[in-house]
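Residues take their numbers from the sequence shown, with the count starting at 1.
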Amino acid sequence: MFDLPDELAAKADPALVARDERHFAAVGESLRRSIAELSDRLDAERRSPGGTGQAALDRDLEVHRLTARLRALRRFGLDLCLGRIVGADDGDPVYVGRFGLTDEAGRRLLVDWRSPAAEPFFAATHADPMGLASRRRYRWTRGRVTDYWDEVFTPDALKGHAALDDQSAFIASLGGDRSARMRDVLGTIQADQDAIIRAGSAGALVVDGGPGTGKTVVALHRTAYLLHSDSRLGHRRGGVLFVGPHEPYLAYVSDVLPSLGEEGVRTCTLRDLVPEGAAAATETDAEVARLKSSADLVRAVEAAVAFHEQPPATGTTVETPWTDVWLSPDDWAEAFEAREPGTPHNEAQEQVWEQLLTILVDAHDDVEPDLVREALQQDRQLRATFTRAWPLLEATDVVADLWSVPAYLRRCAPELGADDVRRLQRPDPRAWTVSDLPLLDAARQRVGDPEVARRRRRAEATVAAERERMAGVIDELIAADDSELLLMTTLRHQDLRDALVDQAALPTADPDVLAGPFAHVVVDEAQELTDAEWQMLLLRCPSRSFTIVGDRAQARHGFAESWQERLERIGLGRVTVASLTINYRTPEEVMAEAEPVIRAALPDANVPTSIRSTGLPVVHGRARDLQSVLDGWLAAHAEGVACVIGDPTFRTTPRVRSLTPVLAKGLEFDLVVLVDPERFGGGVEGAVDRYVAMTRATSQLVVLTSS
């Protein structure tokens, strides 16, 4: 399994690798056996009867579990193995893998990287070796080991190791070519990153760090770790929602969680949380955007919906076949109070309606209640009167009314001044912008689905029609029953009659998989979120268990507060901050030019320290030379990816992306060509855009200007 190049021939000494070869052979055999067994079990489950109810659900879950496990095992071969550790007591090596694996005798071949036994593989340092004598990391290429590195923590461990550079495995990986997907870095997670990955899930953990410190790596691996180690976060208990800044970012990281064995994590952007998000434009008026960024304005949605839940101030007469009943304002108020706390407005309509019917039925002392209720249910005038009193609402109507009816907005948001109310009005109230999304989301959560009541009525009508049809069938069967025991008469039993109704025929709706609640939420590039946008996430995580990833120095609109101040203000009470200060991605040459750019606008910016140098200086040139710069780089590099930032006329090619600074955030490229960076603007926003764009480079930065 070792395919070392000639210059590493010394590492191929059987004394160094024979034990690994034997272990890899056992791993390979166990993999083949596990895949065969899982395939047989999956085939058996698929052939088994589906069943009904809980049995059907359990079968589907088992099929899903087996399929995911089989897919994960087939995704990798022996490169499941990340490395090995040897204890200072000179015991047998412990091999660490992406997943746990045992042989037929139950002998542990690989320990899962998320298990406590694997923690020293990532966390051991010379300052704290955690009981290790040595650690070995492998580099895999097409299923063969093409290099490995040994680190030793005790003098006795020097014997039998060929590479003794503490950082060699990690530094070597940093210089590799990038691609359109985030690279697999599990085997080289560093101790500072691992400590954050393995932190508990209670409260909000902020991962604060500058460019290249591995914040996204930490966020993704922490997600997989928590799902494995914390039973409170399992998929059947709410699961995890991972929120990224934009679609290119989600595409870039899309392979990471599946490669870690987690395929059930919901990933999205803030736009994805609201149906109107896909087409929403950027708010062009900065003052309007500022006003809508406030959590107070989001809370105005509650007042806007509550406006439609005020009981009528006047009474009404309801005519029935038996008597006329006076519904007083107090009766209306009693019915409206029947809404259970937390029930969305549209779903609560049925609760209020049922209470209203109860009040009217109770007014008929001498009439069979079922007869009165049936008559009231068919009273179109009563239903129309009730619907006007408690109307079904659309979330978009609620928000659009705020932007088109000044008096309504003043009533719902009394803290706004007259000028603010005027500024928020617009000719087309449904011309949605990104700044509207938190209000639309709050309205949708508070209002609920207007189709719920309509579907319920259609369902009730369907059930009634089915019961009537079944009653006719049962009557015919009983009439034709000439058996001695008259068995067909048992069909008159209500439970049996209900069982004959086809529930599958009832109208249903597809669930909103992003509505929550989730047990844990991970947010990357969190420094950009407004107070209003935070409300969208708080609504989806009642437990307030968050992993929050960001860099205050990369906030385009500034970030004057501390993380604790910002998060406590938006509603998170238990906040812990963990800082990453080492830049593993951006070379020293690039950071030397990027640091003054951000410090000019933000003197106290958390600029990380680069740990490597490429020897390639930042190149400055003319914008007219853009194509020749790219042609030269492509000719010299058979692999890797580049990005042009700042030239909207440049069209993306298979190996060269064209992005804005905003869409480049969170990504990395071997070569970054920055075109006319001064056009990004002034102030904090312009400085942040230039800083972000420059620090996307993992190898070389070229800055081109038109002047």
Checklist entry - Taking the side chain as C-beta and beyond, is there a heavy-atom pair between Val256 and Leu260 under 4.5 Å? => result yes

Next on the checklist: Any side-chain to backbone donor/acceptor pair from Arg599 onto Pro603? Under 3.5 Å, distance only.
Outcome noted: yes

Checklist entry - For residues Glu593 and His620, is any side-chain donor paired with an opposing acceptor at under 3.5 Å? => result yes

Checklist entry - Taking side chain as C-beta onward, heavy atoms only, is Phe680 less than 4.5 Å from Glu685? => result no

Next on the checklist: Using every non-hydrogen atom in the two residues, find where Ala601 and Gly683 come nearest and quote the distance to one decimal.
Outcome noted: CB-O, 4.5 Å

Item to check | Counterpart residues, side chain to side chain donor-acceptor pair (under 3.5 Å), relative to Arg299 (two or more places apart) | outcome: Asp296

Checklist entry - Side chains of Val703 and Pro677: closer than 4.5 Å at any heavy-atom pair? => result yes

Checklist entry - Looking at residues at least two apart in the chain, or sitting in another chain, which of them share a side chain to side chain donor-acceptor pair (under 3.5 Å) with Arg271? => result none

Next on the checklist: Evaluate Arg222 against Thr547 for side chain to side chain donor-acceptor pair (under 3.5 Å), listing each step before the verdict.
Outcome noted: CA-CA 9 Å; Arg222 175 168 165 77; Thr547 298; 2.7 Å; yes

Checklist entry - Any donor and acceptor pair, going by atom type alone, linking the side chain of Arg544 with main-chain N or O of Cys541 inside 3.5 Å? => result yes

Item to check | Contact check, side chains of Leu537 and Leu270, non-hydrogen atoms, under 4.5 Å | outcome: yes

Checklist entry - Is there a donor-acceptor pair under 3.5 Å between the side chain of Glu262 and the backbone N or O of Leu257? => result no

Checklist outcome for this item: Note: Pro608 and Ile582 closest approach over all heavy atoms is CB-C, 4.2 Å

Checklist entry - Taking NZ, NE, NH1 and NH2 as the nitrogens, is one of them in Arg556 or Asp689 under 4.0 Å from a carboxylate oxygen of the other? => result yes

Checklist entry - Between Arg446 and Asp441, is there a side-chain N and carboxylate O pair less than 4.0 Å apart? => result no

Item to check | Atom of Val218, atom of Ile197 and distance for their closest heavy-atom approach | outcome: O-CG1, 3.9 Å

Item to check | Verdict with reasoning, Tyr691 to Glu595, per side chain to side chain donor-acceptor pair (under 3.5 Å) | outcome: CA-CA 8 Å; Tyr691 179 60; Glu595 182 171 353; over 6 Å; no

Checklist entry - Do Arg444 and Glu276 come close enough that some side-chain heavy atom pair is under 4.5 Å? => result yes

Could you list the donor-acceptor pairs under 3.5 angstrom formed by side chains in residues 116-125, with sequence neighbours left out?
residue: Thr125; atom: OG1; partner: Ala127; partner atom: N; Å: 3.4
residue: Thr125; atom: OG1; partner: Asp128; partner atom: N; Å: 3.0

Checklist entry - Can you name the salt bridge (charged side-chain N to carboxylate O under 4.0 Å, His left out) partners of Asp112, sequence neighbours left out? => result Arg114

Checklist entry - Where the side chain of Arg423 meets the backbone of Leu291, is there a donor-acceptor pair that is under 3.5 Å apart? => result no

Item to check | Arg266, CZ: over 12 other non-hydrogen atoms inside 6.0 angstrom | outcome: no

Checklist entry - Could you walk me through whether Arg198 and Tyr225 pass the side-chain contact (heavy atoms from CB on, under 4.5 Å) check? => result CA-CA 7 Å; Arg198 295 176 187 268; Tyr225 172 78; 3.7 Å; yes

Checklist entry - Do you know which two heavy atoms are closest between Ala693 and Val672, and how far apart they sit? => result O-CG1, 3.6 Å

Next on the checklist: Test side-chain contact (heavy atoms from CB on, under 4.5 Å) on Val207 and Ile548; report intermediate values, then the result.
Outcome noted: CA-CA 6 Å; Val207 184; Ile548 297 163; over 6 Å; no

Next on the checklist: Could you tell me if Asn606 and Asp208 have a donor-acceptor pair between their side chains, going purely by distance under 3.5 Å?
Outcome noted: yes

Item to check | Closest approach of Val641 to Glu668 (non-hydrogen atoms, all atoms of both residues) | outcome: CG2-O, 4.5 Å

Next on the checklist: Under a plain distance cut-off of 3.5 Å, with no hydrogens placed, do Thr216 and Asp524 share a side-chain donor-acceptor pair?
Outcome noted: yes

Next on the checklist: Determine whether a donor-acceptor pair (N or O, by modelled atom type, separation under 3.5 Å) exists between the side chain of Ser435 and the backbone of Glu283.
Outcome noted: no

Next on the checklist: Just so I know, are the side chains of Ser658 and Asp647 near enough to count as touching, which here means a heavy-atom distance under 4.5 Å?
Outcome noted: no

Checklist entry - Any sub-3.5 Å donor-acceptor pair from Lys215's side-chain atoms to Gly209's backbone N or O? => result yes

Checklist entry - Cation over ring, Arg411 on Phe307, under 6.0 Å and within 45°? => result no

Checklist entry - What's the verdict on side chain to side chain donor-acceptor pair (under 3.5 Å) for Gln527 and Glu525, showing C-alpha distance, side-chain angles and the deciding distance? => result CA-CA 6 Å; Gln527 74 278 351; Glu525 302 295 347; 2.8 Å; yes

Item to check | Closest heavy-atom pair and its distance - Tyr584, Arg612 | outcome: O-NE, 3.5 Å

Checklist entry - Just one of Gln554, His557, Lys665 clears the side chain to side chain donor-acceptor pair (under 3.5 Å) bar with Glu528, so which one? => result Lys665

Checklist entry - Just wondering, more than 12 heavy atoms not from Arg426 lying within 6.0 Å of its CZ? => result yes

Next on the checklist: Between Asp436 and Lys292 (salt bridge meaning N to carboxylate O under 4.0 Å), is one present in this structure?
Outcome noted: yes

Next on the checklist: Less than 4.5 Å apart, side chain to side chain, heavy atoms only: is that true for Glu589 and Thr614?
Outcome noted: yes

Item to check | Candidate pair Val673 and Leu671, rule side-chain contact (heavy atoms from CB on, under 4.5 Å), full reasoning | outcome: CA-CA 7 Å; Val673 182; Leu671 169 71; 4.0 Å; yes

Checklist entry - What residues, two or more places apart in sequence or in another chain, satisfy side chain to side chain donor-acceptor pair (under 3.5 Å) together with Ser201? => result Asp230, Arg232

Checklist entry - Is any side-chain heavy atom of Leu439 closer than 4.5 Å to a side-chain heavy atom of Leu297? => result yes

Checklist entry - Is Asp676 reaching over with its side chain to a backbone N or O of Arg679, donor-acceptor style, under 3.5 angstrom? => result no

Checklist entry - Taking the six-membered ring for Trp, are the ring centroids of His520 and Phe546 within less than 6.0 Å of each other? => result no

Next on the checklist: Test of understanding: with salt bridge (charged side-chain N to carboxylate O under 4.0 Å, His left out), list the residues that count as partners of Glu287, not counting sequence neighbours.
Outcome noted: Arg290

